[in-house]
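Worksheet: one structure, shown below.
Protein chains get the first letters and strands the later ones, always in sequence-line order, with residue 1 at the start of each.
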Amino acid sequence: MTHPPYLSPAYRSSVLRAPSRPPVVLRADPDAVELTGPVFGHDEVGELDADLTRHHAGEPIGERIIVTGRILDAAGRPVPHTLIEVWQANAAGRYAHQRDQHPAPLDPNFTGAGRCVTDEQGRYRFVSIKPGAYPWRNHHNAWRPAHIHFSVFGTAFTQRLVTQMYFPGDPLFPFDPIMQSIPDPAARERLVAHFDLDVTEPEWALGYRFDVVLGRTPTEEP
Amino acid sequence: MNAVQPTPSQTVGPFFGYALPYDQGPDLVAEGHPGAITVAGRVLDGAGEPVPDAMLELWLGETGTRRALDRTGEGVSGFGRCPTGADGSYRFRTARPAGPYLAMLVFARGLLRSVATRVYLQDGPDPLLDTLDPARRATLVAEPVGEGTYRFDVRLQGEGETVFLEF
């Protein structure tokens, strides 16, 4: 199984929010609205939107990173011209969100939200800083591994995916109920980016590669 | 082509509010658009408490001429996004869809994967609705509460739990 079950009691917030009934499976209906999805124009996204280090007057504190990869469909074909949105904590593990109460410093030069549209080959590329781990109140001494949130559209509303990208070798993985909510270790591994020296730019930024594979739509041939 | 495996879902978490919502995101049509309707309601958890950190997305089936993100252009956009307020409430201004329903996705802290549902603007013969018992069927039909205004609550769990869909 790829996805986590809705009810994953170690992740406390799921307990009252997980649906208790199984979803109703819709038989293939070629007219279903959900088999299509919104198209976003490249010109709706600003050139700088994909560089999270350049949204303010100064440079953010932290380890500069490049995150790049491809969005693929279930058959491994690139998904061009699809919108990707990312958001993340700053290098100290603090979100620029008013409800984040973690007593770590905000960075006036880092908001931590970006977006881009994939190119013809389904590729995307973000420049950012490596987010910090942060504590949360799920259980005693709970810490989230460093991660970047990804929101991806694809070509059908049924492919819509929100997920989190993690960084290789993080010692917090075994203790994180959100990552561990995914039952299959191989599936969990697919959320971990790969360090890539070819993406890394000398004297400037570390490079990570992260591909996203969307689910199959009901009418799509495997 | 190498075999590929799908990427697992993870929760949207509690801190998307500064990143994903955008100006006029809930307005698929501009104010005063002829025939515009309002679809509004609340997202509730298994204890009947409001969910203040959910986000809903609406899809009409066509991208349209009003743009989805920067909201320039005239007419209708097929896509909208609305975060819930402190009382779990949301509100979309939209055009009527071509068919009987609007597609809706719900994201929230605590939801490890989004849930998909449909907002039917009226009850009637329908391939999906007709498979549901009356109580469950009713969870997908919005309640008209005034001129061009529909109420549609999303109950994530428990009594009156909204019908969620898998494709």
Are B:Thr11 and A:Gln164 close enough that some pair of their side-chain heavy atoms sits under 4.5 Å apart?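 In contact.
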
Are the side chains of A:Leu83 and B:Leu69 in touch, meaning some heavy atoms are under 4.5 Å apart?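 Side-chain contact under 4.5 Å: yes.
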
Checking side chain to side chain contact (heavy atoms under 4.5 Å, CB included) for the pair A:His149/B:Leu20: CA distance, chi angles, key distance, verdict? CA-CA 11 Å; A:His149 295 268; B:Leu20 294 182; over 6 Å; no

What part of B:Glu57 gets within 4.5 angstrom of chain A, counting heavy atoms only: side chain, backbone, both, or neither?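 Backbone plus side chain of B:Glu57, per the 4.5 Å heavy-atom cut-off to chain A.
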
Name the region of B:Pro14, side chain, backbone, both or neither, that has any atom closer than 4.5 Å to a heavy atom of chain A.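 Contact with chain A: backbone only.
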
Does the distance from a Lys or Arg side-chain N to an Asp or Glu carboxylate O, for A:Glu85 and B:Arg81, drop under 4.0 Å?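 Between B:Arg81 and A:Glu85 there is a salt bridge, with a charged N closer than 4.0 Å to a carboxylate O.
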
Ignoring hydrogens and angles, state whether a donor on the side chain of B:Thr7 or A:Arg190 is under 3.5 Å from an acceptor on the partner side chain.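 Distance-only check fails for B:Thr7 and A:Arg190.
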
Going by atom types alone, do A:Ser20 and B:Glu161 pair a side-chain donor with an acceptor below 3.5 Å?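 Looking only at side-chain atoms, B:Glu161 and A:Ser20 do form a donor-acceptor pair, the distance falling under 3.5 Å.
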
Which class fits the ring pair A:Phe157 and B:Phe79: parallel under 30°, tilted 30 to 60°, perpendicular over 60°?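 Geometry flag for B:Phe79 against A:Phe157: perpendicular rings.
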
Sub-4.5 Å heavy-atom contacts with chain A: which residues of residues 128-145 of chain B show up?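 If one takes a 4.5 Å heavy-atom cut-off, the residues of residues 128-145 of chain B near chain A are B:Leu128, B:Leu132, B:Arg136.
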
Check whether [X] gets within reach of chain B through its side chain, its backbone, both or neither, counting any heavy atom under 4.5 Å.
| X | value |
| --- | --- |
| A:Ala156 | neither |
| A:Asp43 | both |
| A:Thr36 | both |
| A:Glu44 | both |
| A:Leu26 | both |

Measuring from atom OG of A:Ser151 to atom CE of B:Met55, what distance do you get when rounded to the nearest 0.5 angstrom?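 Taking OG in A:Ser151 and CE in B:Met55, the distance rounds to 6.0 Å.
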
